Participant: 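Here it is, the structure, as structure tokens.
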Amino acid sequence: MDKQVIVSISREFCSGGHQIGEAVAKALGMGFCDRNMLDEIAQRKNIRIEYLEKYDEKPRNLLLSRRVGAFSNSIEDIIAEMQFEYLRDRAASGESFVVVGRCADSVLRGRKCLIPVFVMGDEEDKIAEACRRYNISREEAAAKMRRHDRARKQYHNRYSEGKWGDSRCYDLCINSSRLGIEQTAVLLTEYIRQRAARF
Amino acid sequence: MVAQILAVVIFAVMFALIVWDKIERHIVTLGCGLLTLALVFGLAMRDGGAVWETLNIGSIFTPGFWYSAGINWSTILFIAGMMVMVEGMARAGFFQWLCMNLARLVHYKPVPLFVTFMLISAFLSMFIDSITVILFLAAVTVELGKLLKIDPVPMILSEIFCANLGGSATMCGDPPNIIIGTSLGYSFWDFLSNTGVMVAISLVLVVFYFYFIFRKELADAAGGFTPENLPDPKSAIRNRRDFAVSSVIFACAVVLLVTHAQTGLTVAFIGMAIALVTLLASGRHMLFLLQRVDYKTLLFFVGLFVVVSGLEQTGVLEIVAGFIGNVSGGNLRLMVAIIIWLSAVASAFIDNIPFAATMLPVIRSLAAVQGIDPATLAWALSMGTDIGGSATPIGASANVVGLSVAAKNGHFIGWGRYCKVSAPATVIVVAVSMLFMFVRYC
């Protein structure tokens with residue numbers, strides 16, 4: 001990519017958003033940013049990675065946390081802010097990259113090079129994917145899916161002005177069940193190419 | 001009855017919204033304050049006098065203005081004044097300079113450093129709000145921790161506790177004390193000679209307690225120390241003139257506060273005078289200091305006092321006072337025990353400022369009905385609300401700020417670790433204060 005492009009992918013649990021993001025990054029020769037940013041943050045701030053992983057993309061506990069001005073006792077809040085700072089720094093460096101989750105659509109909002117995308121999927125497909133990925137029963141997969149999506153929604157809405165999954169907050173909302181993960185990635189790659197040409 | 005129900009509902013909604021933390025808390029209290037004026041005083045009571053009394057503007061030029069019910073403007077003016085002074089001190093680098101000098105004074109040895117920072121945290125919090133004290137102390141502790149290769153968490157936890165403890169020693173140390181003092185007409189010295197004595201005794205116990213709890217960490221820390229890397233305390237001073245001026249202003253503020261009963265100056269006047277001098281001395285930075293004032297907190301107080309007035313004017317707080325009176329059967333010891341423990345437990349989980357503002361009319365009414373000295377109950381309320389907040393990470397603002405500073409530097413302190421250390425210390429101090437009050441006042 002000649003010009004800087006940042007693609008933020010918000011996704012439903014087991015909708016394939018992560019794989020689509022990886023495929024797009026690979027196809028366009030861009031950096032890919034997901035949990036791996038925790039390694040860099042841990043190194044930069046000299047923090048044990050387990051701490052970061054434990055609270056990554058988790059909503060804070062409402063009753064156990066409190067905010068005083070810009071300060072919060074919630075570890076979830078502080079780790080989220082560390083990730084947002086990392087994303088802002090990376091975006092400011094001029095690098096093109098794909099980022100999955102971490103409220104990137106909201107954190108980097110206002111940048112012309114940002115293309116926010118939301119990936120969803122049909123419930124049955126997502127449950128089937130969860131059963132296959134975690135080797136669990138259908139009921140367990142459905143419960144896990146609901147739990148994760150609720151947590152992602154809470155996490156996103158805590159730090160963002162727009163609501164998670166609200167089409168007005170994204171340039172593109174796509175159901176990966178329609179074309180499958182591979183073809184969705186191909187379609188998205190082409191969309192990003194065309195968008196980048198207009199930057 | 002309708003007015004009482006409305007007042008209680010508005011109060012409960014306000015508390016729930018503060019806990020929910022989605023809407024800024026000054027908007028919450030101001031919104032609920034407006035609802036109190038419109039629904040409780042206007043619609044249900046149809047009492048324009050209650051609105052006037054709550055806004056407390058009519059009596060602005062009378063002495064009663066400073067002690068009457070409704071919006072406690074005295075508290076708000078004093079806090080605003082101190083905010084300006086503290087901003088001036090911070091801008092000059094006073095706090096970093098003080099902390100770095102103290103560290104050098106004890107030759108950066110872990111145990112003396114640990115004890116000194118606890119004591120300075122308590123001392124500064126007697127005059128300056130504990131948020132500012134912890135903000136600077138925790139930041140310096142983290143830096144020293146890096147340079148000296150020691151774990152800063154034990155020091156930060158003990159500093160937080162001592163900041164809350166020190167704040168309860170004086171009238172201006174903690175917002176609940178300012179509210180209690182200005183509402184009941186107590187002086188700085190009244191606090192120092194009552195809660196101050198309890199704090200002095202507790203501080204000795206707390207220093208030993210924290211040393212005992214962290215003795216292993218402190219022993220391990222000894223030896224990993226590299227003096228050549230340490231910065232000169234003078235490097236913290238950003239401007240010599242500003243530094244000298246802010247130090248003199250701080251000293252004057254301390255003298256004026258300690259002697260305000262003798263001079264007859266109200267704390268609101270002192271706060272405003274100190275703010276004015278700070279602003280005049282800051283010259284071209286005046287606008288910067290004014291911009292740094294936390295107006296949201298001041299507005300939070302305005303709304304809060306109106307909502308609490310709703311409970312007071314409708315007689316809800318008299319019912320609560322009557323309930324405490326009945327439960328205690330007129331026994332002063334039982335009343336002290338109920339107030340101090342109730343305040344401590346409540347303040348451990350909810351903001352102690354609204355709690356103190358709510359409980360104040362309760363103890364006033366309780367003292368009047370039972371024919372006892374309101375001061376005894378006031379000291380119980382003060383110690384309970386100020387110390388109780390130390391028990392949990394969310395109990396006091398200083399805790400949140402201290403834990404946040406630590407976490408931003410990679411030192412995460414969860415509920416378990418915090419409570420394991422600070423909750424027993426809170427119980428010790430509350431129990432000691434209660435026993436002291438039994439012996440001295442009951």
Side-chain angles (χ1 to χ4, degrees), chain A residues 37-89 103 106 150-151 153-164 166, chain B residues 15-26 83 129-132 134-135 138-139 142 145-146 149 156 160 175 292 294-297 300 348-353 389 392-419 422:
Chain A
M37 77 167 82
L38 298 179
D39 293 325
E40 281 191 52
I41 294 170
Q43 207 170 12
R44 202 192 277 184
K45 295 201 178 267
N46 197 22
I47 304 170
R48 278 166 56 197
I49 185 79
E50 305 89 79
Y51 270 124
L52 299 180
E53 282 173 342
K54 187 177 170 189
Y55 298 102
D56 178 36
E57 276 202 304
K58 295 276 192 310
R60 63 171 187 143
N61 186 314
L62 189 70
L63 294 174
L64 300 184
S65 57
R66 193 179 145 192
R67 189 172 270 281
V68 175
F71 301 95
S72 168
N73 73 301
S74 155
I75 299 176
E76 292 89 345
D77 275 350
I78 291 161
I79 289 176
E81 194 48 55
M82 284 177 181
Q83 297 190 62
F84 302 159
E85 190 187 314
Y86 172 89
L87 287 174
R88 287 188 203 106
D89 287 350
C103 301
S106 178
R150 189 169 56 240
K153 186 178 177 180
Q154 284 174 353
Y155 170 83
H156 181 278
N157 294 352
R158 160 85 176 150
Y159 304 108
S160 311
E161 281 181 20
K163 301 277 180 222
W164 184 74
D166 182 339
Chain B
F15 246 118
L17 289 175
I18 290 174
V19 172
W20 188 45
D21 193 24
K22 197 75 180 171
I23 305 169
E24 289 201 74
R25 61 181 197 154
H26 68 286
M83 278 177 181
D129 78 286
S130 51
I131 298 176
T132 308
I134 283 302
L135 187 59
V142 167
K146 276 182 204 160
K149 296 183 175 57
I156 290 174
I160 291 171
R292 297 278 296 170
D294 184 2
Y295 296 103
K296 289 178 180 177
T297 296
F300 163 77
F349 299 98
I350 57 172
D351 197 334
N352 65 1
I353 300 170
T392 68
I394 58 167
S397 302
N399 314 0
V400 176
V401 172
L403 298 188
S404 181
V405 170
K408 282 177 181 173
N409 287 282
H411 303 283
F412 298 107
I413 306 168
W415 265 70
R417 189 172 185 193
Y418 182 92
C419 293
S422 297

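Lettering follows sequence order; numbering is per chain, from 1. This is a predicted model, so every value here is computed, not measured.
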Participant: Is chain A contacted by the side chain of Ile18(B), its backbone, both, or neither, given a heavy-atom distance below 4.5 Å?
Facilitator: neither
Participant: Do other residues, nucleotides or ligands put more than 12 heavy atoms under 6.0 Å from Glu50(A) CD?
Facilitator: yes
Participant: Side-chain contact test, heavy atoms from C-beta onward, threshold under 4.5 Å: evaluate it for Leu63(A) versus Phe349(B) and give yes or no.
Facilitator: no
Participant: Which distance, rounded to the nearest 0.5 Å, do you find between the CG of Asp77(A) and the NZ of Lys408(B)?
Facilitator: 10.0 Å
Participant: Can you tell which part of Arg44(A) gets under 4.5 Å to a heavy atom of chain B, answering side chain, backbone, both or neither?
Facilitator: neither
Participant: Relative to chain B, which segment of Ile78(A) carries a heavy atom at a distance below 4.5 Å: side chain, backbone, both, or neither?
Facilitator: side chain
Participant: Give, as side chain, backbone, both or neither, the part of Ala396(B) having an atom under 4.5 angstrom from any heavy atom of chain A.
Facilitator: backbone
Participant: Considering residues, nucleotides and ligands other than Lys146(B), do more than 12 of their heavy atoms fall under 6.0 Å from its NZ?
Facilitator: yes
Participant: Contact part of Arg48(A) toward chain B, heavy-atom cut-off under 4.5 Å: side chain, backbone, both or neither?
Facilitator: neither
Participant: With heavy-atom distances below 4.5 Å as the criterion, would you say the side chains of Phe71(A) and Leu135(B) are in contact?
Facilitator: yes
Participant: If every non-hydrogen atom of Arg66(A) is compared with every non-hydrogen atom of Ile394(B), which pair is closest and at what distance?
Facilitator: NH1-O, 2.8 Å
Participant: How long is the gap from OG on Ser65(A) to CH2 on Trp415(B), to the nearest 0.5 Å?
Facilitator: 9.0 Å
Participant: For Arg67(A) and Ser404(B), does a side-chain donor sit closer than 3.5 Å to a side-chain acceptor?
Facilitator: no
Participant: Does NZ in Lys58(A) sit with more than 12 non-hydrogen atoms of other residues, nucleotides or ligands closer than 6.0 Å?
Facilitator: yes
Participant: If you count heavy-atom pairs under 4.5 Å with chain A, which of Val400(B), Thr392(B), Ile413(B) comes out on top?
Facilitator: Val400(B)
Participant: Measure the shortest side-chain to side-chain distance between Phe412(B) and Ile79(A) over non-hydrogen atoms and say whether it is less than 4.5 angstrom.
Facilitator: yes
